[in-house]
Structure formats: structure tokens, C-alpha cells
Amino acid sequence: MAESKRDYYEVLGIPRTATEDEIKRAYRKLAKKYHPDVNPGDKDAEAKFKEASEAYAVLIDPEKKAKYDQFGHAAFDGTGGVSYDYNSADFSDIFSDLFGDLFGGGGFGGFGGFGGTRTRTRGGPVQGANTRARIRITFKEAITGCEKELELNLKEACPECGGSGAKKGTSPVTCTQCGGSGQITMTQQTIFGMSQTVRACPTCSGTGRVIKDKCPKCSGSGYVSRRQKVQVSVPAGIDDGQSIRIRGKGEPGANGGPFGDLLVEVRVAEDPVFAREDTDIFSAVNISYAQAALGDTIRIPTVDGEVEYELKPGTQPGTRIRLRGKGVPYLRQNNVRGDHYVTFLVRVPEKMNREQKEALLAFDAAMGGGLSGGDGPGPKKKKNIFR
Ligand SMILES: [Zn+2]
Ligand SMILES: [Zn+2]
């Protein structure tokens, strides 16, 4: 006579008409409450969890549910014990929901059988992590390119053990726990039966080798830190915030993997004269009213030094001209350069002496200007400008 079991619907607290969604929701609630990982050592919770899981495994499977609805527990008796195929039931999404939050998606060790066996394979060679540094250069250095020297603490293979981490005269030995494979298979008795999990060997951390006598210089890590000078070739055309990769100057790799890279971020200082946008340079040049009106040969500062420019008579304030090829070199094509745009600003004198004022008034009069009572836009009543 089978021991009396609670009705599966009662266990999950749902009506017989419950939909698949309702079954899932009910089970999720119970699993969250009674899961052994949340109630370590609590036998009562474990029993409840097992009971709910059993009910769920049957009711979520349409075929089993149909049998259960027709015959009750008798449908599954006479098989020499309970034989619910938990692994075929759809637990995975429930547990990933549940424990993705609860345990940060980490181990869910005791129930490896649910969502497929979790396998952490042996660590092959892994490149070391990249490290970062920063240099500051001037605006002009960014245009021309430059050589900089950085002084950093860098890890390098231990000179004592040559990177093996083992004391001089010894060498790492094959790990006895995993036989050198770096992984172990754990067979666990879970409440749902046997479950096999492959994990990285804890003794050798998946490397398959164990250092018996550690190198005293590097404490077995195989690496030492040393203050080193690193040459950084900054290419012409680099822009603020871009990085230069220096291969092999990052962190050491694992399991014989290569070093990571050093990424040097370049910060470009602002310039008082020149502004930059991609490969173009922008600046402003002050000219006088007379220069603007009459034209002149002027000198314009560029990143290559001053260039002569023929200012046209009648140049208006705000006129922008382009000096072709005087911009920033293209990073990957240094013989091609952007342009330099120059905006002319017309300087208005802030202070003038009597002579200058008279000259300007005379000029204004000659132009028929408003200041001298002409038909310009100014006041018709003569203003005393010689105060
Ligand atoms: Zn060493
Ligand atoms: Zn091992």
C-alpha cells in the first residue's frame, strides 16, 4: 500500500483548471520559499521543496498530467518507486528566473541536473588583462606626433624561476587530484538523484600542474613587478581621448597565455590660438578696419608657422577663408591633411586720441555718414565726440 500522498494540485495550491502559466507561477513561488539553497539544513523545507517539485514535474507535462488527472497517484505506482523524470521537466527557465536574481547567476551547484550540467572546462592559455595609462601632450604635439616616455610598474617573468613559479631546481608537478587534466567530475547525490558536474580542479585551479616548492622571489606567481620605462610613439594626428596600444605590456596571461596590452590614453591640451574638429583646425585673426576696407598682405599663424595671405579689399567682418592642407594629418595617412579655417574679426579701437577721432570723423563725412549730419543711420543732431 503506497503511503498517502497529498494531491498535486493541493500541493501547489491551484485548481484543477489551472493553466500552464498558473502551474509555473505556483511552483516558482514555492520553490523560492523552500529551496534548500535558501533553507540550508532545514529538512522540512527540503521535503516541501521535493513535494512541490514532484507535483510540478507531473502537472507541467501534458501527458503525465492527463494520466494523473485520470488515475491520481496510482498512475505512477507499481514502478518500484517514484520515477519522475525531473530532467525532462522544464525546470530550467524557472530556476534561471529564480536564481539569476538570488545568486547573481552564479553557482547552483547541487542541482546541476536541472538546466543541463554546468561545465567549466579546463583553462587553456588565456591572454592577460589589458592595463591603462595616460599621457598629456600639447596641441602641436598632437599635430606633429611625438615620442613620450612613461614610467610604470610592469609585471614581467620572474628572473629567478623564469616564470614557472617553482623554486630553482624544481619544476611544477602534475596535479594528483585531477591527474593533470585540470578538471574533476563531481558526482553528487541530490534530492532528485545522481548529478554529475565537471569543474575546474580546486587543487591546481584548472592548470593541471601544482607547484610543490614555490619560488621565493615571486611567491609562486611566476611574475615580479618592476619599475620600467615604456616608449610611447604618439602618431601625428592623434586626437584627445584616443588610445595607443602597446602590445605585451599589460598583465601576464594565465596558463601560458600571452601578456595583455597597455592602452595609453592620450589627453591633448587645449591651445590658446587653435581649435580642432577632427582633422580641421579653426582660428580667428584680428584685422583693422583699414585692412578690411583696403586689403593688405597679412601673416596668419598656422600650426606650421606663419603664412602670408593676401587680404582682399572690402573683406567683411566674419569672413571665413580656408587654408587648404594646413589642418591635422590623417592618423593613418599622414601625407593627407585637413584644412585650416580662419575667420577674420575686424578690430574696433576702444580708445582714440583727438587726431584719430578727427580723422575718423572726416572719413565719416566723406562717406556721407550720420555723425557729421549726413544721411547715414546715426543721430542727426551732432553729438560731441571730443569729450
Ligand atoms: Zn619566481
Ligand atoms: Zn588538478
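Just so it is clear, the values below take in all heavy atoms, side chains as well, and ignore hydrogens, waters and symmetry mates. Order of listing sets the numbers, starting from 1, for every ligand and every atom in it.
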Asp61 bridged to Lys65 by N-O distance under 4.0 Å =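 Lys65 and Asp61: not salt-bridged.
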Look at Glu306 together with Arg299 and state whether they make a salt bridge at an N to O cut-off of under 4.0 Å.
->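 Here Glu306 pairs with Arg299 in a salt bridge, since their nearest N and O are under 4.0 Å apart.
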Is Gln291 reaching over with its side chain to a backbone N or O of Ser288, donor-acceptor style, under 3.5 angstrom?
->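 Side chain of Gln291 to backbone of Ser288, a donor-acceptor pair under 3.5 Å: yes, one is there.
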What is the SG(Cys204)-the Zn ion (ligand 2)-SG(Cys201) angle, to the nearest 10 degrees?
->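 Roughly 100°, rounded to 10°.
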Anything protein N, O or S sitting under 2.8 Å from the Zn ion (ligand 1): count it and give me the total.
->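 Near the Zn ion (ligand 1), the number of protein N, O or S atoms below 2.8 Å is 4.
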Going by the side chain to side chain contact (heavy atoms under 4.5 Å, CB included) test, name the single residue among Val273, Ile281, Thr144, Val328 that passes it with Val303.
->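 Among Val273, Ile281, Thr144, Val328, the one meeting side chain to side chain contact (heavy atoms under 4.5 Å, CB included) with Val303 is Ile281.
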Among Arg134, Arg267, Arg136, Arg276, find the one that has a salt bridge (charged side-chain N to carboxylate O under 4.0 Å, His left out) with Asp240.
->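 When salt bridge (charged side-chain N to carboxylate O under 4.0 Å, His left out) is applied between Asp240 and each of Arg134, Arg267, Arg136, Arg276, only Arg267 qualifies.
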Run through Glu10, Lys5, Arg6 and flag the one making a side chain to side chain contact (heavy atoms under 4.5 Å, CB included) with Tyr8.
->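 The passing option is Lys5.
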